[in-house]
K.L.:
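The structure that follows is given in the form of C-alpha cells.
From a predicted model like this one, the values you see are computed outputs, not experimental measurements.
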Amino acid sequence: SGRVDVIAERNIRETLRLERSDTEFTDPAFIKRMKAEMAVDFILSGNIVMDREMSKSGGSDFVAYQVDMQLLDIETLRKVWLKTENVKKERY
C-alpha cells in the first residue's frame with residue numbers, strides 16, 4: 001500500500017555504509033550519496049518461541065508457537081502496539 005517503509009537491520013545498514021564509503025575504484029558518476037538514508041520513526045521487535053508436545057495417545061505430536069511483537073515509537077519510546085499470538089499445529 002506504500003503506507004509503511006521498512007529499512008534494513010542495524011548490522012546490514014553498517015555494512016552498506018562501509019560499502020558506500022569504499023570508493024577507491026568506483027567511477028565518481030556512480031558513487032551513491034552517504035546521507036540519503038531514511039530516519040526511523042518506529043521499531044518493530046519481537047520473538048518466536050516453539051514448544052513441542054506429544055499427544056496423550058502418542059500417535060502424533062504438536063508444535064506450539066508463541067509470537068510476541070511490539071511496535072515502539074523511536075522518539076517517545078512508547079509502546080504503541082503489542083500483540084501476542086499462539087498457534088498450535090499438529091504433526092503426523
K.L.:
If I take atom CD from residue Gln70 and atom NZ from residue Lys79, how far apart are they, to the nearest 0.5 angstrom?
P.N.:
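It comes to 4.5 Å.
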K.L.:
Between Ile74 and Trp81, is there a shared hydrophobic cluster once you connect ILVMFWY residues whose side-chain heavy atoms come closer than 4.5 Å?
P.N.:
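Shared cluster, no.
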K.L.:
Would you give the length of the straight line joining atom CD1 of Ile43 to atom CZ of Arg10, rounded to the nearest 0.5 angstrom?
P.N.:
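The CZ atom of Arg10 is 7.5 Å from CD1 of Ile43, to the nearest 0.5 Å.
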K.L.:
Taking side chain as C-beta onward, heavy atoms only, is Arg13 less than 4.5 Å from Ile7?
P.N.:
yes
K.L.:
Do Leu71 and Ile48 belong to the same hydrophobic cluster, where Ile, Leu, Val, Met, Phe, Trp and Tyr are linked whenever their side-chain heavy atoms lie under 4.5 Å apart, directly or via other members?
P.N.:
yes
K.L.:
With rounding to the nearest 0.5 Å, note down the distance linking CZ in Arg78 to CG in Leu72.
P.N.:
10.5 Å
K.L.:
Side-chain contact, heavy-atom cut-off 4.5 Å: Asp51 with Val63?
P.N.:
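Side-chain contact under 4.5 Å: no.
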K.L.:
With clusters defined by side-chain heavy atoms of hydrophobic residues (ILVMFWY) lying less than 4.5 Å apart, directly or transitively, does Val67 cluster with Met50?
P.N.:
yes
K.L.:
Do Tyr65 and Glu85 have side chains that approach each other closer than 4.5 Å (heavy atoms only, starting at C-beta)?
P.N.:
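When only atoms from C-beta onward are counted, Glu85 and Tyr65 do not touch, as no gap falls below 4.5 Å.
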K.L.:
Answer yes or no: is there a side-chain heavy-atom contact under 4.5 Å between Gln66 and Asp68?
P.N.:
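In short, these two side chains touch, coming nearer than 4.5 Å.
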K.L.:
Within the structure provided, determine whether Phe42 and Val80 are in side-chain contact (heavy-atom separation under 4.5 Å).
P.N.:
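Yes, side chains in contact.
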K.L.:
Are any of the side-chain heavy atoms of Asn86 and Lys88 separated by less than 4.5 Å?
P.N.:
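Side-chain contact under 4.5 Å: no.
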K.L.:
Applying salt bridge (charged side-chain N to carboxylate O under 4.0 Å, His left out), run through Arg52 and Asp61 and close with a yes or a no.
P.N.:
CA-CA 7 Å; Arg52 277 200 134 144; Asp61 63 336; 3.3 Å; yes
